[in-house]
Amino acid sequence: MTNLLWLCLVLWISTATLFTTSSAMPPSNPIKCNDINSNCQLSNSYGVWGDRQTCHAPNIVYPTTEEQLRQELANANKNNLKVKIVTKFSHTIPKLACPSNSKNSLFISTEKYDSTIDINMERLTVTTDGGVGLRKLIDTIEKAGLSLVASTYWEGVTVAGVISTGAHGSSWWGKGGAIHDHVIGLNLIVPVNENEGYAKIIKLTPQDPLFNAAKVSLGLLGIISKVTFQLEPAFKRSITLNFTNDSGIEDEFMEHARKNEFGDIQWYPSRQIAVYRYDNRVPLNTPGDALNDFLGFQSNPILVSKFVRAAEKGFENTRNVGGKCTMASFFVAYKKLIANGLKNNKLIFTGYPVVGHQGKMQSSGSCLYSSSIDITSTCAWDPTINGLFFYESTAILPSSKFGNFIRDVKKLRDLVKPENMCGVDIYNGFLFRFIKASDAYLGQGEDSVVVDFNYYRASDALTPRFNQDIWEEIEQMAFLKYGAKPHWAKNRNVAFVDVQKKYPKFNKFVAAMVQLDPKNMFSSEWSDEILFGKQEDFKGDGCALEGMCICSEDRHCSPSKGYFCKPGLVYQQAHVCRFSSISIFNKLNKHFM
């Protein structure tokens with residue numbers, strides 16, 4: 001199997017290099033309706049929600065102007081409908097976009113509300129429709145000789161969606177890496193009483209009391225129809241990736257963030273490798289016309305994506321550490337070879353530093369774009385191809401606690417042996433990014449480090465995962481021991497337990513909800529589950545396997561398959577599902593005695 005794996009991975013190098021220079025089959029639309037705009041079901045970009053339940057509404061509408069948005073909300077309010085705003089991307093993992101399971105609900109899509117991008121050259125601002133995609137916005141700004149300083153690494157998001165969930169890039173400089181902190185104005189469409197026409201548009205600026213609630217609002221305050229960003233004169237960026245030993249990351253991360261405006265760190269714990277991204281702005285006349293085409297967001301041949309998933313699934317089922325580590329070693333080496341997708345001349349990587357315009361370096365997502373010819377490649381996680389399927393945990397830790405968190409993860413790695421962490425290195429290891437303290441009520445209250453890590457998700461909800469106790473312990477270590485805040489658009493449900501206690505201004509956000517949406521039109525049991533951290537109310541057999549609960553009894557794991565609820569190894573207050581052949585042997589003995 002290992003020899004076959006190596007052969008297929010080598011083929012992947014050659015085919016991926018060819019395919020990523022062209023367009024790919026686009027991801028499928030997240031909205032599927034049985035009839036025209038009725039009986040509609042919403043999925044996220046991975047095709048499966050955290051609880052694997054469906055998300056649906058009887059009808060969907062597609063307004064094209066701000067006034068049409070207002071009219072649709074007014075009509076919904078008049079008819080006592082629950083409302084959720086959906087986009088053409090649906091890249092949020094929790095079910096924030098799902099309405100209550102009732103016949104009295106409506107999807108309002110911003111897919112066709114994306115025509116207006118107004119740039120004010122004198123004030124260095126841009127005002128855009130909420131449904132405009134990030135790539136369209138960036139390209140328009142760059143053509144005007146300006147730059148948007150902060151953006152997400154993934155460009156498959158809309159303007160309103162990206163600020164609603166607190167999405168970010170990486171920077172402790174200036175206003176920081178969180179996009180909502182570069183917003184200087186927004187329009188919000190809210191429900192009102194009959195005398196006012198059932199819905200109205202309110203314009204918010206930083207001076208308004210509601211502004212800091214609306215910047216990160218999770219779609220719970222109203223419809224964000226217009227957003228105004230502060231811009232800067234156009235600039236270029238120079239990037240160098242340094243693949244080195246991971247011995248000092250817990251002590252060096254802070255200095256790295258302070259010295260590099262857009263720097264980040266990628267950590268592969270099983271390989272004991274840290275990748276320091278030296279990323280800073282340079283003058284426009286600096287030679288270079290590069291492109292950041294991040295490897296993970298490139299189109300992949302469908303057959304290769306399916307094979308990689310099948311190989312990892314096979315290693316999971318056979319508990320094959322060596323197979324997983326072979327994959328991890330290969331992928332890390334390949335990322336080093338091609339600079340993780342940086343391309344000096346927009347075609348291939350030829351050497352450091354890689355210099356390019358801000359608009360081509362700050363965000364990527366080439367697998368999004370369609371071609372009528374190429375139907376053999378797509379985003380590797382496209383749910384229609386049975387390709388990659390994984391969890392994405394993202395914790396926002398105060399910088400003062402981050403070093404100790406890494407020390408604990410290293411202790412755990414050394415205790416379980418590094419090879420048992422190969423699973424996370426098949427994806428992107430741990431990615432550390434930096435965001436500044438924010439005034440947003442649901443933003444981070446101090447300079448913070450965001451750590452992302454992806455790991456295998458089983459095809460079946462009741463199938464336990466190889467070494468899942470390791471990732472559960474790290475997850476609980478971050479969110480419980482170190483009090484990390486969850487990224488609102490990512491994570492398994494357990495990350496949101498008691499989340500309201502982590503935000504000093506949480507009550508102010510709830511007060512804004514009551515003021516702007518007194519009938520709870522935009523709330524649902526799903527959004528309440530996330531916002532108010534009610535996951536522990538729903539404990540059933542196997543609930544801990546997919547992060548729907550933290551285990552407290554063996555039945556929350558999978559005792560029939562040898563997984564039992566055990567304390568953590570380093571963070572002993574954690575409760576994790578750990579495989580134990582001895583425990584299952586003892587249970588069998590008792591059964592036959």
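Quick note: residue numbers are just sequence positions, from 1. If you're wondering where the values come from, they're calculated on a predicted model, not measured in any experiment.
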Pair Arg433, Asp452 - check side-chain contact (heavy atoms from CB on, under 4.5 Å), show working. CA-CA 8 Å; Arg433 289 181 287 175; Asp452 296 85; 3.1 Å; yes

Once the angle between the rings of His168 and His487 is folded into 0 to 90°, is it parallel (under 30°), tilted (30 to 60°) or perpendicular (over 60°)? tilted

Would you please say whether a donor-acceptor pair under 3.5 Å links the side chains of Asn260 and Asn280? yes

Side-chain donor/acceptor of Lys236 to backbone N/O of Val355, under 3.5 Å: no

We want to know whether Ser377 and Asn300 form a side-chain donor-acceptor pair, criterion being a heavy-atom distance below 3.5 angstrom. no

Given the rule in the side chain to side chain donor-acceptor pair (under 3.5 Å) test, do Asn428 and Lys335 qualify, once you have shown the distances and angles that lead to the verdict? CA-CA 10 Å; Asn428 292 306; Lys335 289 173 184 178; 3.2 Å; yes

Can you tell me how far apart CG (Leu69) and NZ (Lys226) are? Round to the nearest 0.5 Å. 9.5 Å

State plainly whether the residues Asp139 and Arg135 are in salt-bridge range, i.e. N to O under 4.0 Å. yes

Listed partners of Trp49 passing ring pair (Phe, Tyr, Trp, His ring centres under 6.0 Å), at least two apart: none

Could you pull out the closest heavy-atom pair between Ser170 and Asp264, with the gap in Å? OG-CB, 4.1 Å

Quick check on the 6.0 Å ring-centre criterion: do Tyr276 and His256 meet it? yes

Between Gly177 and Ile435, which heavy-atom pair has the shortest distance, and what is it? C-CG2, 4.1 Å

I want to check something: taking the side chain as every heavy atom from C-beta on, are Tyr391 and Asn454 in contact at a cut-off of under 4.5 Å? no

Are Tyr352 and Phe349, when compared by the centres of their aromatic rings, separated by less than 6.0 Å? yes

Residues forming a side-chain contact (heavy atoms from CB on, under 4.5 Å) with Thr205, sequence neighbours excluded: Gln207, Asp208

Any donor-acceptor pair under 3.5 Å linking the side-chain atoms of Thr244 with those of Asn242? no

For the side chain of Asn493 and the backbone of Phe496, is there at least one donor-acceptor N/O pair under 3.5 Å apart? no

Rounded at 0.5 Å granularity, tell me how far OH in Tyr456 sits from CD in Glu312. 6.5 Å

Atom CD of Glu255: over 12 foreign heavy atoms under 6.0 Å: no

Do the side chain of Tyr113 and the main chain of Ser225 share a donor and acceptor less than 3.5 angstrom apart? yes

When you compare the side chain of Met361 with that of Phe262, does any pair of heavy atoms fall below 4.5 Å? no

CZ/Arg123: more than 12 non-hydrogen atoms of other groups inside 6.0 Å: no

To the nearest 0.5 Å, atom NZ of Lys336 lies from atom CG of Leu241 at 11.0 Å

Whether Asn344 side chain and Val354 backbone form a donor-acceptor pair below 3.5 Å: no

Glu232-Ser147 side chain donor-acceptor pair, cut-off 3.5 Å: no

Considering only heavy atoms from C-beta outward, does the side chain of Ser270 approach that of Val424 to under 4.5 Å? no

Salt-bridge criterion met for Arg237 and Asp279 (N-O under 4.0 Å): yes

Between Lys215 and Asp439, is there a salt bridge with N-O shorter than 4.0 Å? no

Would you confirm whether Ser527, through its side chain, and Leu96, through its main-chain N or O, come within 3.5 Å as a donor-acceptor pair? no

Indicate yes or no for a side-chain donor-acceptor contact from Trp172 to the backbone of Ser448 under 3.5 Å, with no hydrogens or angles considered. yes

Where do Phe434 and Gly263 come nearest, in terms of heavy atoms and distance? CD1-O, 3.3 Å

Which residues pass the side-chain contact (heavy atoms from CB on, under 4.5 Å) test with Ala333, not counting sequence neighbours? none

Tyr455 and Phe453 aromatic centres sub-6.0 Å: yes

Is Asp293 salt-bridged to Lys343, going by a charged N under 4.0 Å from an acidic O? yes

Just checking, is any N or O donor in the side chain of Glu66 or Asn187 under 3.5 Å from an acceptor N or O on the other one? yes

Is the side chain of Lys502 donor-acceptor paired with the backbone N or O of Phe479 at a distance under 3.5 Å, no angle test? yes

Could you tell me which non-hydrogen atom of Val159 sits nearest to which non-hydrogen atom of Asp129, and how far apart they are? CB-O, 4.1 Å

Enter the distance from Phe430:CZ to Ser393:OG here, rounded to the nearest 0.5 Å. 9.0 Å

Residues Thr394 and Asn491: side-chain donor-acceptor under 3.5 angstrom: no

Sequence neighbours excluded - salt bridge (Lys or Arg N to Asp or Glu O under 4.0 Å) pairs with any residue from residues 169-180: none

May I ask you to check if Lys485 and Tyr503 form a cation-pi contact, with NZ or CZ under 6.0 angstrom from the six-membered ring centre and within 45° of the axis? yes

Ignoring hydrogens and angles, state whether a donor on the side chain of Asp181 or Ser438 is under 3.5 Å from an acceptor on the partner side chain. yes

Side chain proximity check, Leu134 to Lys136, heavy atoms < 4.5 angstrom: no

Apply side-chain contact (heavy atoms from CB on, under 4.5 Å) to Glu142 and His357, showing your working. CA-CA 9 Å; Glu142 290 283 323; His357 292 271; 4.1 Å; yes

Minimum side-chain heavy-atom gap Thr128-Asp118 below 4.5 Å: no

If you take the centroid of each ring, where Trp contributes its six-membered ring, are Phe294 and Phe297 closer together than 6.0 Å? yes

For Phe509, enumerate each residue passing the ring pair (Phe, Tyr, Trp, His ring centres under 6.0 Å) test, keeping only those at least two apart in sequence or located in another chain. none

Check: Ser217 side chain, Leu220 main-chain N or O, donor-acceptor pair, under 3.5 Å: no

Here the pair of heavy atoms bringing Thr165 nearest to Leu218 is CA-CD2, 4.3 Å

So do the side chains of Val308 and Met327 get within less than 4.5 Å of each other, counting heavy atoms only? yes

Check the orientation of Trp381 and Phe390. Use parallel for under 30°, tilted for 30 to 60°, and perpendicular for over 60°. perpendicular

Do Ser45 and Ser90 touch side chain to side chain, with heavy atoms closer than 4.5 Å? no

Are the aromatic ring centres of Tyr427 and Trp471 under 6.0 angstrom apart? no

Which atoms form the tightest heavy-atom contact between Pro206 and Phe211, and what is the distance? CA-CD2, 3.5 Å

Val149 and Trp173, any side-chain heavy atoms less than 4.5 Å apart: no

Between Asp246 and Trp267: side-chain donor-acceptor atoms closer than 3.5 Å: yes

Report yes or no: do Tyr46 and Glu392 form a side-chain donor-acceptor pair below 3.5 Å? yes

Taken in chain and number order and not counting sequence neighbours, the residues that satisfy ring pair (Phe, Tyr, Trp, His ring centres under 6.0 Å) with Phe253 are Phe402

Quick one: do the Gln362 and Ser151 side chains pair a donor with an acceptor below 3.5 Å? yes

